[in-house]
Amino acid sequence: MTIQHLPPKKITSFYPPQRTLMGPGPSEIAPRVLAAMSLPCIGYLDPVFVDMMDELKMLLRYAFQTDNALTFPASGPGSVGMEMCFVNMVDPGDKVIICRNGVFGGRMIENVLRCGGIPVIIEDTWGEPVDPQKLEDTLKQHPDTKVVAFVHAETSTGCMSDAKTLVEIAHRHGALTIVDAVTQLGGAPLFVDEWNIDAIYSGSQKCLSCTPGLSPVSFSQRIIDRIKSRQKPSQSWFMDLDLVLGYWGTTSRTYHHTAPINGLFALHESLVLLREEGLENAWARHTRHYLALKAGLEAMGLSYLVKEEYRLPQLNAVRVPDGVDEARVRKTLLTEFNLEIGAGLGPLAGKIWRFGLMGYSAKSENVMLCLSALGSVLMDMGYPIKVGIAEAAAHQAYAEQHAQAAKNIKQVS
Ligand SMILES: *Cc1c(COP(=O)(O)O)cnc(C)c1O
């Protein structure tokens, strides 16, 4: 036998360029998190590692605001967290209500179908929140519904739904809930226990600003009871919570699959950063930078897709002005300014840009770079804006917030 398939070109080490990431995720990774990831690997049953796993679970309980014992990072991207919820909670023939107001609700429908469940779909316009009245009405029409699933923070549209109310309605009709908090976690208020959420999943690469490929999940006792009383095992071996519990549970640490060790070092560090900053301060930081970005974008003459009260601070969906080649703008921002922003998806393709302010990317340097780069590119393309007014408006928004904060401190003391 001869060795074949030598690469037809000389391939050397890969060094990615340094980008400013202001898209829908991944977000930029803090230097401390990157450093943690490059530490030497250790075994997944090393007692030192097992201690760190316990800390990870504590830190995730803080991030999710829950006592749930079964709170851990699933090995895989947010999509694995999503699938883990569905394969463990939906059996063939189960009726599941999916509230769809963007891309990710659509993926939930796919999951239900692959589990052999019967999806009942509630549609809301992309850019609007899930309508609680529609959920109430649909549950009345389908009293045998087992599960209600919805996306808390729709990254495809920048819209937040009222998770607390939706969960409350589902429970009143005897259904369990699956909540997608991939973009919500760490970016805006989320209270898993106070809101009685049954199953929730998130992602490491959005507002936690960690390496992509991990999915923090949390399951209430109601879900554990349901899994324990299951007649047939889950159709997925890898995501079967009963098996995963053997490694991440409270009583045992037996091999299921090799944990993504260095990724978990990184997640631990990103959660330590969150703990140091404080959850409420992290939420406030996302809002602060959103307000500055908003002031700048609006000064430029751009408008938001979502009504102010439903807007995600961490994901700003903004209408592309008529006659502007939106793809060319994004390409120019990337090649000339090393700045990544997101495009619209599905029915919003070509109609919006998505500016992410997630985690470590939510900082004033990024807001100012984005406004100045976007302003220059639009002006260069002939759009009637003046460079400089957006930055000044953003700066004024920061100044007003500082003044307000100073006033609040005075009132307290
Ligand atoms: C990004 C995202 C996902 C998917 O996460 P991946 O890590 O890309 O698999 C799911 N839901 C929402 C709301 C998201 O923003």
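Remember, it's a predicted structure, so these values are computed and weren't measured experimentally. Counting starts at 1 for both ligands and their atoms, following the listed order.
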Does the ring centre of W237 sit less than 6.0 Å away from the ring centre of H256?
yes
Flag the pair Y255 / Y44 as yes when their ring centroid distance falls below 6.0 Å, and as no otherwise.
yes
Return the protein residues near ligand 1 (heavy atom under 4.0 Å from any of its atoms), ordered by chain and residue number.
P77, G78, S79, F104, V151, A153, T155, D180, V182, T183, Q205, K206
Taking salt bridge (Lys or Arg N to Asp or Glu O under 4.0 Å) as the definition, give me every residue that meets it alongside K351, ordered by chain and number, with sequence neighbours left out.
none
Taking all atoms of both residues into account, what is the closest heavy-atom pair of A317 and I352, and its distance?
CB-CD1, 4.0 Å
Walk me through whether S161 and N101 qualify under side chain to side chain contact (heavy atoms under 4.5 Å, CB included).
CA-CA 9 Å; S161 289; N101 62 342; 3.7 Å; yes
Heavy-atom closest contact (Y201 atom, M82 atom, distance):
OH-CE, 3.1 Å
